[in-house]
Every structure is written in C-alpha cells, then in structure tokens.
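If you're wondering where the values come from, they're calculated on a predicted model, not measured in any experiment. Residue numbering restarts at 1 for every chain, and letters A, B, ... go by the order of the sequence lines.
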Amino acid sequence: MKYRLLYFASLCDAAGRAEETVSSDARDVHALYAELASRHGFTFAPERLRVAVNGEFTDWSCPLADDDEVAFLPPVSGG
Amino acid sequence: MKYRLLYFASLCDAAGRAEETVSSDARDVHALYAELASRHGFTFAPERLRVAVNGEFTDWSCPLADDDEVAFLPPVSGG
Amino acid sequence: MFSISAAPIDAMALQCELEATGVGAVVCFEGRVRDHNEGRAVNALSYQAYAELAETEGNRIIEETHAKFAVEHIVCVHRVGDLALGEVAVWAGASAEHRAAAFDACRYVIDQVKMRVPIWKREHYVDGASTWLHPEPDRAK
Amino acid sequence: MFSISAAPIDAMALQCELEATGVGAVVCFEGRVRDHNEGRAVNALSYQAYAELAETEGNRIIEETHAKFAVEHIVCVHRVGDLALGEVAVWAGASAEHRAAAFDACRYVIDQVKMRVPIWKREHYVDGASTWLHPEPDRAK
C-alpha cells in the first residue's frame, strides 16, 4: 500500500523532510509508526504521540487504506 | 461645629445638591447622618451606607472635628 | 494605576502601559454600556464618582493585586459622565510572564473595583425614566 | 472562529469581530514571545502547525466554549512562521453579556488551544542553539 506521511517539528527534523510517500506492508498506524521510527530514528514512544489520518485524529489501532494521509503528532507547544 | 458634606447618586438627588456646609451639634458620623437623613429624607439605613471622612473610609463611630469633610456613600454600582 | 476619566477610554493607549520586557501574557477587560439591564431597555448611562476616594481605593486594589499575583503591570480606568450604548465604561488590563497570573489579576481588579470603588451608575431607559443603581450586596454583579 | 495566520496578528481587527448589540463584557488575551524560557535567553521563536487539523480542532474548541459559557462571539488566531521578541503568537477574545462568561470562555479557549491544537514552537536561543518544544503532559503551561 502507498501512504502519504506528514512530519512536524522534531519528527520533521529527524526525517529530514516535511512529507513523503511510502510503500509499506503496514496495515495499521501502529505498524506503520514502528517501520518509520526504525527508518528515520524517531525516538518518541507511541504513547507520547497522537495520530491523525486524512486530517482527523484517530487511534493507534486505526486500519489504513491505500493513499491514506498519516501524521504522527509529537506533543504540542502552541501559545 | 461646621462640616462639609458631599452627596452622591441618589443621596445627591434627595438632598438636591452635591455638597453643602452645615452647622451641627453632632459629634460623630452616626449622629450627623441621623440629622441629615431627617432633613433631606434619606431612606438608606446606615448599615447600607459606607462613610468617608476627609477622603478616607472610616466607621460609623468616627468622632468628628470642625471642618471635617464627610460623605455617606450609598451602595456602589461601577463597572 | 487606577484612574477616573471624563474623556472616552483609549484602550490602545492603556494597553501600551502594560508593555515590559519578559511579558508573555496580556489580558484586557472592557465593560461596555449594554442596551438592556434586568429586562428594561436602556439607551444611555451616567456614571458619577467620588473621584478622590475612588482613585485612592482603586490604587489600593491594584497594590493588593500586585501582592497576590505575579504580574508586571496593572492598569484600570473608569469613565464618568454620560455614556452612549456601546461605550467603554471600565477598562482593566494586566501583563505577566504567564497567563494564569494575567487572567487572575485582571479579574480580581475588575471584581474588586465593582464592589468597592465609590462610583455609581444611573440608567436612562428608553421609556424616559432613569434611576441610580444601588445594588444589594448579594446582587452585585 | 479559529484560524492560523502567517501574517502578524491584527488585534484591533480581531476585537471588532467580537462586537454585537447587548455585549457588556469583552475579554482579550495576547500571548507574546518572551525573551527567556526556563532560564535560557531566547531571541526568536518559530511556530509550525498542521494547519488543516489545527483549524478543525481549534473550531471544535470554540464550539465547545459556546456550549459551556453564555458568550456572544469567540475569536482565536495563532501565528505560524518566524516571530521576533514581543510579537503576538496567539490572540483569543470573547464577548458576552456578563463578564464572568467572557473571562471563563477566553481562558478556556486559550487553555484548550495550548493543550490540543497541533502547533509546535521552536525556540532560538541567544547562544545560537534552537530546539522544538515537546512538553511532557504535566509540564504543559
């Protein structure tokens, strides 16, 4: 399956890019994060991140479909 | 003794003036209010008013001296 | 600084008085003349103050607020005279390093000013009547 | 309305959006870039947002606030991009008939925005270093 990934803040720095499209065998967000964390050296434990799929918050067990846009959101610091 | 009186809001309306100088035998603010309430038809019970003498809050037992400036302050409604 | 003003309140100028290096939060409150109160249609207000004592008591409130909360600057101005609908009757602002103190201080100032400072409001109603407001202690808002 | 802005925040224009007949209280909050944080001297900040989701979540917060408090209008704007010291990073305002609701609503909005909306701050320090802030839940301010 193909997924579009969005990276923000320190995940963007770690990945060296703000977005990318990847081909992956992962079928849910948890598996996809494990794969990307390994590839890009992400150090956040999943419980410190929120997940968004197609522009809306979801949970870590969310199943994925081809062409989904996925973002792993590190702890926010607006304001 | 001579006192200068300041009237505000509905006490000003009732007295028909914002200030006046009176000669009185009253020697404390409680006695002075009783006299003025009778003369001007003030209907506030003393416990609903605060008292200021010479520009500072004081209490109803405050003794008065010649030329003191006295104000009886009805409940406030600023803001 | 607390003051009484016969001229319209210039909120921008007052907010500038809150500036300081290191300020991370500014909270401002404006109290405006509403077109109604307790079910009656209002078309204007007049405020009267015992100006000398109002400024003394207002500045006492500001000193208390500095003692209670970690704030940088506090400013409060109350109008007197005749005000039209929508005009600002009272303005209060607080600046601080963090927002909790700025919110708490701004609210404390306006709450205390309304309770304690010798200022009185006369409401002018659409039907031509008018009355000074002298709220019972438990009805003060 | 919640929005993300790459341009400097125009507080006066935003406050005008809070106007309505019958409004008696307006409370505004400004969060500004401070010259220090947790003991380190800061000389600039950058904010990044997941703009689409930030606006969705920000507007959800505003809807919640309308449901919780008797307010007329609520506006909140958060800057993104590079900000100098003293610039406004976030602005929130609420108007209401009475001041308690305006204070409560303004504070609720900014508290929730800081906790929930996907926006991140990078601090640039005087010594040349910089870092994204990812606060632990119990340290979020």
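- Of the atoms belonging to B:Ala9, heavy atoms from both backbone and side chain fall under 4.5 Å from chain C.
- To the nearest 0.5 angstrom, B:Ser77 atom OG is 11.0 Å from C:Arg122 atom CZ.
- Panel note: side chain C:His78, backbone B:Gly79; a donor-acceptor pair is recorded below 3.5 Å.
- The part of C:Val117 that comes within reach of chain B is its backbone (N, CA, C, O), which places non-hydrogen atoms under 4.5 angstrom from that chain.
- Between B:Phe57 and C:Pro118, some side-chain heavy-atom pair lies under the 4.5 Å cut-off.
- Only the side chain of C:Tyr47 comes within less than 4.5 Å of a heavy atom in chain B; its backbone stays farther off.
- Along residues 5-30 of chain C, no residue comes nearer than 4.5 angstrom to chain B, judged on non-hydrogen atoms.
- Proximity to chain C involves both the backbone and the side chain of B:Leu73, based on heavy atoms less than 4.5 angstrom apart.
- Of the listed residues (C:Leu53, C:Leu45, C:Val33), the greatest number of heavy-atom pairs within a distance under 4.5 Å of chain B belongs to C:Leu53.
- For C:Trp132, the part sitting under 4.5 Å from any heavy atom of chain B is the side chain, from C-beta outward, and nothing else.
- A distance of 8.5 Å separates CZ of B:Arg50 from CZ of C:Arg116, quoted to the nearest 0.5 Å.
- Between C:Tyr50 and B:Ala52, the shortest heavy-atom contact is CE2-CB, 4.0 Å.
- Contact count versus chain C (heavy atoms, under 4.5 Å) is highest, among B:Pro74, B:Gly55, B:Cys12, for B:Pro74.
- Neither the backbone nor the side chain of C:Ala92 comes within contact range of chain B; no heavy atoms are under 4.5 Å apart.
- Of the candidates B:Phe8, B:Phe42, B:Phe44, C:His134 forms a ring-ring contact (aromatic ring centres under 6.0 Å, His included) with just one, namely B:Phe44.
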